[in-house]
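Every chain is numbered from 1, with letters handed out A, B, ... down the list of sequences. Quantities reported herein were computed from a predicted structural model and do not represent experimental measurements.
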Amino acid sequence: MNNLIYLPGVVTLALDVEKCNGCRMCMIVCPHAVFEMENKRAVIRRKDFCMECGACAKNCPEGAIAVKSGVGCAAGIINGILRGTEPTCDCDSGGTCC
Amino acid sequence: MDASFITGHLQTSAGPVPQISTTWSRRDRWNTVKTRWSVGRMSYRVLPGPYAVGAPDHASRVFVTGNYKLSFDHLRRALSGIDAWILVIDTKGINVWCAAGKGTFSTKEVVRRIRIHHLGELVDHRKIILPQLGATGVAAHEVKKMTGFSVIYGPVKAAHIKAFLDDGLKASDAMRRVTFPTADRLKLIPVDIFYGKYYLLIVPAIFLMLSGFTPGGYSVDLVFSSGWKTTVNLFAGYLAGCVLAPALLPWIPFRRFALKGLATGWLVALVLATLHFLGAGATEIIAWFLMIGGLSSFMAMNFTGSSTFTSLSGVQKEMKTALPVQIAMVSVGLAGWIFTRFFAL
Ligand code: SF4
Ligand code: SF4
């Protein structure tokens, strides 16, 4: 499913290679295989596949990754606009929507 | 709260722990269907706490999941034939991924449950297995620091747990990927169909009423003879966006969901036009193209909420241009259509 890639060049993901200790955690948690290891350090390989879920940044023990994460969801963004908050979803009992 | 899956209790050093079945009852299956169609979702929760699968002991694996019943059901079914513990944490009845994004499947809640349910007494080892999609809300290194338990992220899908265990707690690259196959997309469509809620009745009713107006006066006959077609048109546009676009997602050539929806909307409008559903005059036909296109585009854009690969930055960028265009299309279309009710061109 290579065509399931969203808009190119918009993702906020950034990696500070200097801080990386090579623990591979970012590779493990990423659902879209964005990272790879190179010379025992992480590199961002497929940036446009990133959905900004934030799992990598959250689990990097060195704080080497930064990403503005949130719900990539139109309804959530509209909710946010209406309430004057950050994008937020409104499906508290929701099983399938975020 | 449904607890029919509990088959007994196991006495442990951390107190009695409910033992659960690894098969789905007919009721479990029925509830799964109901949940997909968003009927009674509120009550579909599991009581947080530890559960025993088979006859686990101090050395058995611990799997952590949220208290959304479907997540729990998939996990216990995947563990059939294995002796293991399940620790259910309170995610307010929301599935793991969404809960992790919202912060209910969190470091704090994992740590809290480990402590209040005395996980350290239930098992000798210091490892817990979390679903990979929980990683958005949980920082493994912080859980370790606070409780001594190492977090190991399991595969995305519960169905791969056996392979993960057999491979010494390693998930292959494929098991770590989130894909979005047709079957998964189709499962998510029902929720979106009800997005419009009572507008799905009100809006068609208004169109039906207005459809009796002609430049020459009101005609009830007209409502029955051709006014009903407006209802068909409206639902066609709506479904083009929330069913057709998601179902055909990878095959529609645009990246933006709004454009995908516009494409399916206009495709449907084209079919309706050839069937003479969009009216006779050019103004009326153009008006319908605008309304159906705008509506379908909006509904398709909404599907970004269900998709598994859209980023917040991307959706924001897309919406900035798409939303005003959609609103303009529907408004202009609506104005044009109402105009043709009262004025002959
Ligand atoms: S999680 Fe952080 S420290 Fe570990 S490999 Fe990735 S970037 Fe490097
Ligand atoms: S934010 Fe999510 S999708 Fe993006 S690189 Fe990190 S883990 Fe992967």
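Two residues are said to be in side-chain contact when any heavy atoms from C-beta on lie closer than 4.5 Å; B:T107 and A:K58 meet this criterion. Using a 4.5 Å heavy-atom threshold, the side chains of B:R255 and A:P8 count as touching. Side-chain atoms of B:R176 and A:I28, non-hydrogen and from C-beta on, do get closer than 4.5 Å to each other. No side-chain heavy atom of B:T136 sits under 4.5 Å from any side-chain heavy atom of A:S69.
A 6.0 Å sphere centred on NZ of B:K157 holds no more than 12 heavy atoms belonging to other residues, nucleotides or ligands. For A:K68, the NZ atom counts as densely surrounded, since its 6.0 Å shell holds more than 12 non-hydrogen atoms of other residues, nucleotides or ligands.
Your options are B:D173, B:L323, B:T308, and the one with the most heavy-atom pairs under 4.5 Å with chain A is B:T308. Counting heavy-atom pairs under 4.5 Å between each of B:F298, B:F303, B:Y153 and chain A puts B:Y153 at the top. Heavy-atom pairs under 4.5 Å with chain B were tallied for A:P31, A:G54, A:A33; the largest tally goes to A:P31.
Contact detail for B:S313 and A:T12: the closest heavy-atom pair is OG-CG2, 3.4 Å. Across all their heavy atoms, B:S311 and A:V11 have their closest contact at OG-CG2, 4.1 Å. Smallest separation of non-hydrogen atoms from B:V178 and A:H32: O-CE1, 3.5 Å. Nearest heavy-atom pair across A:E52 and B:L312 is OE1-N, 3.1 Å.
Interface remark: B:T104 contributes no atoms to any contact with chain A (heavy atom separation under 4.5 Å). With a 4.5 angstrom heavy-atom cutoff, A:C60 touches chain B only via backbone atoms. With a 4.5 Å cut-off on non-hydrogen atoms, B:M301 touches chain A through its backbone and its side chain both. With a 4.5 angstrom heavy-atom cutoff, B:E318 touches chain A via backbone and side-chain atoms both. Within the 4.5 angstrom heavy-atom criterion, no atom of A:C56 approaches chain B. With a threshold of 4.5 angstrom between heavy atoms, A:C50 approaches chain B through N, CA, C or O but not through any side-chain atom.
Under a 3.5 Å cut-off, the side chain of A:N59 and the backbone N or O of B:H141 do not form any donor-acceptor pair.
Interatomic distance, B:F254 CZ to A:L7 CG, rounded to the nearest 0.5 Å: 13.5 Å.
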